[in-house]
Amino acid sequence: MKFLIVIWFFIPCVLLSQAIPSESENIESLITFGKDAPSAWGDDDNVQVFFALIPESFKESFYIRVFDPNVGGFLDANNDGIFDSKTRFSIYGGDECYSHQDARKTDPVGEFKSGVLLDSKEFADEKKYDMRWYNFGPFNPLDGEYDQNMNGYVFKIIAEGFEGNDGNLYSYFISTSDVANKAINGANAFTYEYTFRLKSKGNVAHIYPFIDEDVIAIKQYNFDLDEDGALKLFSIAKNGHNGKVSGNDVWNFSSHDILESEKLKCIDLQLHRNDSNKNDLSIYVLNQYNEAVRFFSSPLGSHKYIYQFSVIPKE
Amino acid sequence: MRFPILLVLFLISKTLVSQTDLFKSYGSEEGLTAKIIYDIEQDQKGQLLFASEEGIFKFNGYNFTSIEVPNLKERSFVNCLYRSNEFLFFGTNHGELSKSKNGVEFEKIALPSEFNSQIVSFIENEDLWVFSKSSGCAILREDTVLSYALQDQIPLINDAIGISKNVFLLGTNSGLLLIELGKDGQFASRNICQEINSKVTSFAELKEKIWVGTADQSGYFIQRESFEVINSFSSLENFNCSQAIVTENNALWLSSFNKGIARIEGNVVRFIDSSSLLGKKFSSIYQDNTNNIWLGSLESGLYRKIKSPFYQNQDLSEQRDLINYISSSQGKIYQFNDHVESEILSLPGEGVQALASFEEEIIYANESGQIGVITENDLSYILDDSFLFSSVNHIQVDQNFIHISTSANGFIIYDRTNSSIQQFNTQNGLTHNEVSFSFKDSKGIIWLAMSGAVLNAIDGNEIIIFDHKKGLYPYDFTEILEDEQGKIWIASDGAGLYSYENEEFKNYNSTNGLHSNYLNSILCDKKGRIWCSGGKDLSIYESKEERFYTLSTKSSHYDFSINKNGIKLIEDSIHLLTTEGLYLYNPENTIQKEANSPLMFERISINDSVYSLKEDISLPYGKYSLLAEFQKVDFQSQNEISYRFYLDGQEEGYGPEFKDPSCYYPGLLPGRQTLNVISRNSDGTWDKKAQQLNIFIDKPFYQKSGFYLLCLAGLFAGFLLFVFVREKRNKRIQEYLNTELDLRTAEVKEQRNELMVKNKEIEDSILYAETIQKAMLPNKKWLESNCGDHFIYYKPRDIVSGDFYWFSDLGDYFLFAGADCTGHGVPGSMTSMICISELNKAVQVKKLTNPGEILSDVDISVKKALQQNTEFSSMDGMDIGLCLLQKSKRKLHFAGAGRPLYLLQNDELREIRGSRNHIGGDGSEKKDFEVHSFDLNSGNRVYLSSDGYVDQFGGPKGKKFMRKQFRELILKHQNTPLNQQKNVFSKELENWKGKLEQVDDILVLALEF
């Protein structure tokens, strides 16, 4: 319930949060590699699962747009000179598309494709989709799975690199229009594992894990960061706590305590780059129960550190 | 005379006469609150159903009502509708299925739980199949549902179409897939038409072609057998076609999720660009049974394409003054060369009064009295007479002849070959000099519409006049034409339309369905239909059907009046010259009357309870009110539908027409009643057959025949009971009476026996008395031996008699008498005994011979014997006729006491009445009895009798025999010997008496001397 309160309190912050990755995340692009790509390229499982949250109050049809869904042309990461990979984008709705426990895991195991398949399309190296938006939909919000806690309908977007070894760089937008990116008031998107490409040196990427009220500690896991820069945690109570950074093709993690004041808010997990090479990585966060923590495209609640002063009055 | 002219070509356009598609939007004003319409279907009644994000809405032409499909999952909504015969099927986004017959009662169709994705298509392919997006398909049979999971082999399905039994073409996210259900119950599939490899979203069948709509590729026609691409439409790339329909003229209409509406005719794609459509997201398109096209939007609700019978020539819509060339007199004229090309000419000088076109020329008359001929480059005046042609009403061109109808100078024929003029006016036979219109028919007769409500016809040099004597009403005429059958049609400004055939006029007016009797223009089209304009409306006369149809010139999109002589047929197209510019008639959009949905009952409420429409309504006796709601669906002109109704059994016929599709009867009478409802189409056609609802309300028990039968049965039972009781009572009485009777019978028997004994004794006594009386009577044998012919008819009423006969022979004297003593039976006999005794005493003792004296003596003796002079005397006595026959002198002396003597002498019968005195009775004085004496001749007969014979009742009237008849009897048989007369008298008396009883003792004594 408190989650709801937080969401609605910060609605102005999420008005334009349907871009994935969002502007506030400062991430170059989402990336999913083909199943034959080496994990050292930064994608541990070749699957990226995102959830789109449509507020209950929204009654119109909407589209889930994918920018540059093909594997080829500009943007995408070529492995051996030939784009021979395929990516399948699938939209799921209906019961258990989100509530199924496998859907909320960081790894694509079990019935992570739970729910009802609403739309799906495979993309290869097709110029017609290169640097263009492809529209899934229109969808009726009622086609999603209703989540009472979030007071909205959840749709699952799965990108699978099911063929080849190239990396597909893409982004999403949850839009009311199929010809332009028009945000839905109150909509948001989240995931439990983020695989993306960092911007070049000097840029700071922001990841926003949401801390539920029963969370007292978290572990952040990152993969294939190539020890490129630093990972810092900012929140209302943390002012740049350092997290451990992974090396090439390996995971690393660090644990962090959660204070009461940090609950029901997002933490700003920042990645500070030192290198200018393209760097793709995966990251997720677990709580003290080893349950995955959601990353929201747009942060919920204030994650700005507030200094605490201890004033001792003179006697 | 030729003049240089300034020819200004205002406009030469080669563009298509564009016909703007107009759509009517339905929203909250009509009760449709939904903005997203997923699917559209029509039920059996013609009402439309819309699947929206807010549920199902039903539209009856008047308003929208919401329908709730029960037992759906939470957050399920119906996204797919389908009608199969009488059933409506409802498919949801979660793969649920329901069906309903009436939109009120729903039946959920059980499907496996795995069947949980959106229903995308229903197909009737021998069986009714349903396809879901990702849960496979199912066969829906009446009693069973067979479901097939396809998902392992088939990508997402967006649409499906049946190819043959168990063979389907699927539109999937990866292109086209052909699947076939094998005998093993498994589907075999194969990708077809590799050219189409993207998301296929919609199908439609057009003859032998299948339309394939895609999300981001082109649109395609593929061959139905080979599935090879026939046409691809690159202009439809990324059209994201949501649905496709084939309309009645084989046009393909497409709706798009993102690019609005497109129409394909042949190979031409036309995007519908209509300002009346909001947005370009359309999820559904549908054509109803009256060919209305409906659009369901994803953002702005519902639209219907307006089918207007008229559309405006966009290029000429602003040229109103040019169209109204006659009335505006702007010096400009307009000629329609055809419906795609126009020329507008501007002339200097005075205004145009009339014009006509012929081949490449335009002939016109201006206000200066000039008749001009306009060719492509020149204008020349062929006539110029300011007097003759100053006011021209109409021009008609007949080859080289120009027919000019004028306002004041009659009718003029100008022969262009020799420039001669022939004028017809009142001086040579026309009825008036004002002629408003002329028409030359195929027989060469020139018809003239004259002022004064008269038609003139010029046949050679003869002028024929048609007026009220020929059946024409007194109204002016506006236009005349001839149809292909040679029938002449005449428009009247007040009397409607006339036809003329075989020298007879026939009038058609508003009573025949003509919208107005004031016509300003008529036209006969290629189909032989007569178009009649009254300004605001058009009536079309269908000769085959012999009826008028009406087209309104007023709608929400146009409102015009047709000018005088403003209906023109140009290259098979009807053109209307109107106050609002040029309008063309679009036959495609004329509402097909026969295609209209039938009038149907929608809801029947009796005493606020809703009744089934499937069967007649039977109600027990009571007080009932009826509310019947009915409707005829006509989406194009629903508000123009009218209804009339009557309740057979309470009303005698239809009442006035109403727009409200309902009727209310506050009180229904007992018995059978039929509610009859008819509707009128927007064209004015009333239903020929009424929609009927039968209601039977039981009569009160006291009005039922059963009650009467029961009453009769009750009466009968009562009667039977009465009879039974009475019989029982009678029986009891009878038994009592029988008992009593037996007692009485026994008593009577005993008394009878006693009586019989006594009677026997009396009878014996009387018989004995008879013996005595007989002994007292003289011996008849003496008469037989001493007298001639004679007879004695002696018949006592009882055994003994009061009558007696008596005779005494005294030698020369012979006394004989017939007496009747008072009474009869025993008293009479006793009296007779006394009288006989006294007679004997008077004759034999006292030796009296004089009959008078004898009677006097006997009278005294009887009185003494009966002591009649005493206090206790009786009145008994006797009447007697006494005769003395003096044999030697053959003389007869007679004295009678109350009895006559009948003497038959010489064929003459004399009745000699005796004295009125009777023997015996009261009175003490001596009675004298006159003696009558007669001489007898041989053969004379005398008769003595008592009154028994003449007093006997009988005959046909039950009267007495009387003396007269007695005398006649004697005379009748005067020649009959007396010994035979006894039988005669006896038979005569028996015949007379018949069955009546003998009233007295009878005695007739006759002697012949």
Side-chain angles (χ1 to χ4, degrees), chain A residues 54 56-63 65-66 69-70 86 88-97 111 113-124 126-129 132-148 152-155 162 175-180 182, chain B residues 33-38 51-55 72-79 92-95 113-118 120 132-135 151 154-158 172-175 197-199 201 215-217 237-240 242 256-259 279-283 296-300:
Chain A
I54 309 298
E56 189 180 18
S57 57
F58 185 73
K59 302 289 186 187
E60 298 170 22
S61 59
F62 70 96
Y63 298 87
R65 311 189 78 201
V66 185
N70 64 319
K86 288 184 178 177
R88 179 189 298 121
F89 291 91
S90 301
I91 315 296
Y92 290 85
D95 292 345
E96 296 195 326
C97 85
E111 297 186 29
K113 293 181 179 179
S114 59
V116 177
L117 181 62
L118 300 178
D119 207 351
S120 176
K121 184 168 175 61
E122 295 170 2
F123 295 91
E126 296 153 294
K127 286 183 181 178
K128 64 184 289 188
Y129 302 117
R132 292 181 180 175
W133 288 94
Y134 180 83
N135 299 302
F136 286 101
F139 299 111
N140 187 309
L142 294 174
D143 284 334
E145 181 183 15
Y146 182 70
D147 186 276
Q148 195 170 8
Y153 297 93
V154 181
F155 292 79
F162 69 97
S175 173
T176 60
S177 168
D178 61 340
V179 293
K182 293 185 177 177
Chain B
T33 53
K35 295 293 181 189
I36 302 174
I37 306 295
Y38 290 111
S52 78
E53 92 279 13
E54 293 189 11
L72 296 184
K73 290 179 187 172
E74 203 171 352
R75 285 175 288 281
S76 276
F77 59 87
V78 175
N79 70 299
T92 76
N93 61 329
H94 287 147
S113 59
E114 296 79 22
F115 211 92
N116 60 358
S117 69
Q118 176 187 341
V120 294
S132 75
K133 200 169 190 74
S134 59
S135 307
Q151 201 53 46
I154 295 172
L156 289 177
I157 301 168
N158 302 304
T172 74
N173 271 26
S174 304
N197 55 13
S198 184
K199 183 177 180 180
T201 54
D216 54 358
Q217 282 188 282
E237 190 158 341
N238 294 318
F239 185 71
N240 203 358
S242 54
S256 163
F257 284 120
N258 55 5
K259 291 189 175 177
K280 290 184 175 295
K281 294 182 181 178
F282 292 92
S283 52
S297 167
L298 271 179
E299 52 193 355
S300 54

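Naming: A, B, ... by sequence-line order, numbering from 1 per chain. In this text the structure is predicted, and so the values were computed from the model without any measurement.
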*asked:* Among Glu299(B), Gln118(B), Lys199(B), which residue has the highest count of heavy-atom pairs closer than 4.5 Å to chain A?
replied: Lys199(B)
*When Asp143(A), Asp178(A), Asn140(A), Val179(A) are compared by non-hydrogen pairs under 4.5 Å with chain B, the top option*: Asn140(A)
*Select one option (side chain, backbone, both, neither) describing which atoms of Ser174(B) are under 4.5 Å from chain A's heavy atoms.*
neither
*For Leu298(B), is it the side chain, the backbone, both, or neither that has a heavy atom closer than 4.5 Å to a heavy atom of chain A?*
both
*Does the side-chain contact (heavy atoms from CB on, under 4.5 Å) test come out yes or no for Ser134(B) and Val116(A), once each step is laid out?*
CA-CA 8 Å; Ser134(B) 59; Val116(A) 177; 4.1 Å; yes
*When rounded to the nearest 0.5 angstrom, what is the spacing between NZ in Lys128(A) and CG in Asn238(B)?*
6.0 Å
*Near Arg88(A) CZ, under 6.0 Å, is it more than 12 heavy atoms from other residues, nucleotides or ligands?*
yes
*Which value, rounded to the nearest 0.5 Å, describes the distance between Leu156(B) atom CG and Lys121(A) atom NZ?*
11.5 Å
*For Leu142(A), which of Glu53(B), Arg75(B), His94(B) qualifies under side chain to side chain contact (heavy atoms under 4.5 Å, CB included)?*
Arg75(B)
*Could you look at Lys59(A) and say if it's the side chain, the backbone, both or neither that has a heavy atom under 4.5 Å from chain B?*
backbone
*With a 4.5 angstrom heavy-atom cut-off, which part of Phe257(B) approaches chain A: side chain, backbone, both or neither?*
both
*Measuring from Lys133(B):NZ to Ser120(A):OG, what's the distance to the nearest 0.5 Å?*
10.5 Å
_Heavy-atom pairs under 4.5 Å with chain A - which of Asn116(B), Ile36(B), Asp216(B), Asn93(B) has more of them than the others?_
Asp216(B)
*Identify which part of Asp119(A) has an atom lying under 4.5 Å from any heavy atom of chain B, answering side chain, backbone, both or neither.*
both
*Identify, with sequence neighbours excluded, every residue that meets side-chain contact (heavy atoms from CB on, under 4.5 Å) alongside Phe58(A).*
Ile54(A), Pro55(A), Glu60(A), Phe62(A), Pro141(A), Thr176(A), Ile184(A)
